[in-house]
Trainee: 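Attaching a single structure in structure tokens format; questions to follow.
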Amino acid sequence: MNLHEYDKMSKESILKYAQKFVDKSLRDVLGINTCEEINKKILKYKGRRKGFFGDLVEEYIFGISNNNYAQADFKEAGVELKTTAIRQLKSKKYSPKDRLTLSMIDYMTVINENWETSSFLEKNKLLLIMFYLYEEKQNLLEYKFKIVELLNLLSHISNADLAQIQQDWEKIVNKIRRGEAHLLSEGDTLYLGAAPKASNSKSRRSQPNSIIDAKPRAFSLKTTYLNYLIQKFIGKEYTYSSLLNNKTLPLTVEENINKRFESYLNKTNYEIEKELGIEYIDRPKNHRRLLINKLLGATSNKIEEFEKANITLRVIALEKNGRLIESISFPIFKYKEIVKQIWEESDFYRQLSEKKFLFVVFQKTDKDYDILKKVQFWNFPMKDINSVKWVWKETVKRIKNKKANKLPTIKENIISHVRPHGRNGEDKIDTGYGTLEVKKCFWLNAKYIQKQLEE
DNA sequence: GCATGATCATGC
DNA sequence: GCATGATCATGC
């Protein structure tokens, strides 16, 4: 392998060169002495430096020194280099380990930009992405590159995706303009997110129009959107139903949804079923969900745009008196694993900060029909995060104190609680201290969700 | 009416 | 076989 032999003026040459490293690791291509030199650096940083692998690739594979300023890595060709980790699932499918971090958000200057001439587009419109297979506790030198592709944000993705990314960018920038950079959350947006990017959880930056300092953040492609790109790169396009099956509807997701529901709101489920051509002899239990699927033009519970944007659709049936009585569950946690996590990197924190919900609200009546009341996107507001942090920390503390049977109840916190969620009372897992306990998960309290729906 | 624990239906 | 979404059962 001849290193550094490419034309840095030409994106084709850069790509062709980079693709030679597919199925190879740094150790495969660098000499013994160089590997020794890198090993010394690894020891020095003890794995504490994020982005270290990317720096190594820039330096040793491409022979460019790493830079922090807002200019592309391959300046002349306008190409930005990204190295990012993928995992291989049991099903052999590749999936991204993380979001793909793009450029840092400069809160002070971004508010004066517009999309077409934004520094975001300037820096990220052409990305050379090198996906490598990550395995825990493996030496960086052994990571093997698996997929190497050039991604042109302006021409390689669909018009709808680009329109959505533009809308996401504008949503983020508008929030900063309002002096709310400290309230940014990845759940605010769909494909492009404002991801936290700090050397430590304490670091803060000043923002315009507010005296409150905000976490440093970078524009990033969400994990779920990156997953879609990966499948596309390896030739496996998503086959789920798309919201764009009807060409007269808007390109961006929220507008598309609002438009679809417009004419059905305040109608009964029977009326809507009739309009959509649904007829039952025996009404199935999930009839509300089936109605919504049909309304969205979906043939299963999965919808392309929702998968890409990490949106979960929840059908809510309010009681006759308007009360919401059921809380909302999150995935089961494993006692042995949650005690090893830290809050900012915990599953629950990630779910709250990255996920978006689409609530479709029905109201039950005295009769045997429901009324479709409203459709609302919702993501967890970051101003409430400290309350949930308490619940999470308390949960971890109690498990560590061998009290997995006494986790925070709904009375202990107004936003969240812990409750069983197994198949039945016998569906138990290891507590990590020699006993078994029924599977449990975090829930968002029904009352809290109801308040959110009313706001 | 609500807290709490439990379980069902469905589909991946 | 299991996670997920949705709902039920019981008792205070």
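Per chain, numbering begins at 1; letters A, B, ... match sequence-line order. The shown structure was predicted, so the numbers you read here are calculated from the model rather than taken from an experiment.
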Trainee: Within the structure shown, what part of the strands sits under 4.0 Å from A/R323 by heavy-atom distance: base, sugar-phosphate, or nothing?
Mentor: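 Contact class for A/R323: sugar-phosphate only.
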
Trainee: Using a 4.0 Å heavy-atom cut-off, does A/K440 contact any base of the nucleic acid, only the sugar-phosphate backbone, or nothing at all?
Mentor: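 No contact at all - A/K440 keeps every heavy atom at 4.0 Å or more from the nucleic acid.
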
Trainee: By the ring-ring contact (aromatic ring centres under 6.0 Å, His included) test, which pairs, at least two apart or in different chains, include something from residues 270-312 of chain A?
Mentor: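 Residue pairs passing ring-ring contact (aromatic ring centres under 6.0 Å, His included), neighbours aside: none found.
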
Trainee: Return the 5'-most residue of the pair A/I325, A/N405 with respect to DNA chain B, ranking by each residue's nearest nucleotide.
Mentor: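 Final value for this comparison: A/I325.
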
Trainee: If a pair satisfies ring-ring contact (aromatic ring centres under 6.0 Å, His included) and one of its residues is in residues 237-260 of chain A, list it, with sequence neighbours excluded.
Mentor: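 Only A/Y228-A/Y238, A/Y238-A/Y240 qualify under ring-ring contact (aromatic ring centres under 6.0 Å, His included).
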
Trainee: Could you check whether the rings of A/Y134 and A/Y143 sit parallel, tilted or perpendicular, using 30° and 60° as the cut-offs?
Mentor: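 Correct class here is tilted.
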
Trainee: On DNA chain B, check which nucleotide each of A/R419 and A/K285 is closest to and give me the residue with the more 5' one.
Mentor: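 Comparing both residues, the 5'-ward one is A/R419.
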
Trainee: Give A/H417 one of three labels, base, sugar-phosphate or nothing, depending on what nucleic acid heavy atoms sit under 4.0 Å from its own.
Mentor: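 No contact.
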
Trainee: Provide the start and end nucleotides, 5' to 3', of the part of DNA chain C that has atoms under 4.0 Å from heavy atoms of chain A.
Mentor: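 Terminal contacting nucleotides, 5' to 3': C/dC2 to C/dC8.
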
Trainee: Please work out which of the three classes, parallel, tilted or perpendicular, describes the rings of A/W392 and A/W343, given edges at 30° and 60°.
Mentor: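 Answer is tilted, since the angle falls between 30° and 60°.
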
Trainee: What does A/V315 touch in the nucleic acid at a heavy-atom separation under 4.0 angstrom: a base, only the sugar-phosphate, or nothing?
Mentor: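 Contact class for A/V315: sugar-phosphate only.
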
Trainee: As a test of understanding, state which of A/F380, A/F333, A/F330 forms a ring pair (Phe, Tyr, Trp, His ring centres under 6.0 Å) with A/F442.
Mentor: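 Among A/F380, A/F333, A/F330, the one that satisfies the ring pair (Phe, Tyr, Trp, His ring centres under 6.0 Å) with A/F442 is A/F333.
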
Trainee: Starting at the 5' end of DNA chain C and moving along, which residue's nearest nucleotide shows up first, A/K364 or A/P331?
Mentor: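 The residue closer to the strand's 5' end, by nearest nucleotide, is A/P331.
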
Trainee: For A/K451, does the NZ atom sit with more than 12 other heavy atoms under 6.0 Å from it, leaving out its own atoms?
Mentor: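 Counting neighbours around NZ of A/K451, 12 or fewer heavy atoms of other residues, nucleotides or ligands fall under 6.0 Å, so no.
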
Trainee: Let me spell it out: for each of A/F330 and A/A317, pick the nucleotide of DNA chain C with the closest heavy atom. Which residue's pick is nearer the 5' end?
Mentor: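 Here A/F330 is the residue nearer the 5' end.
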
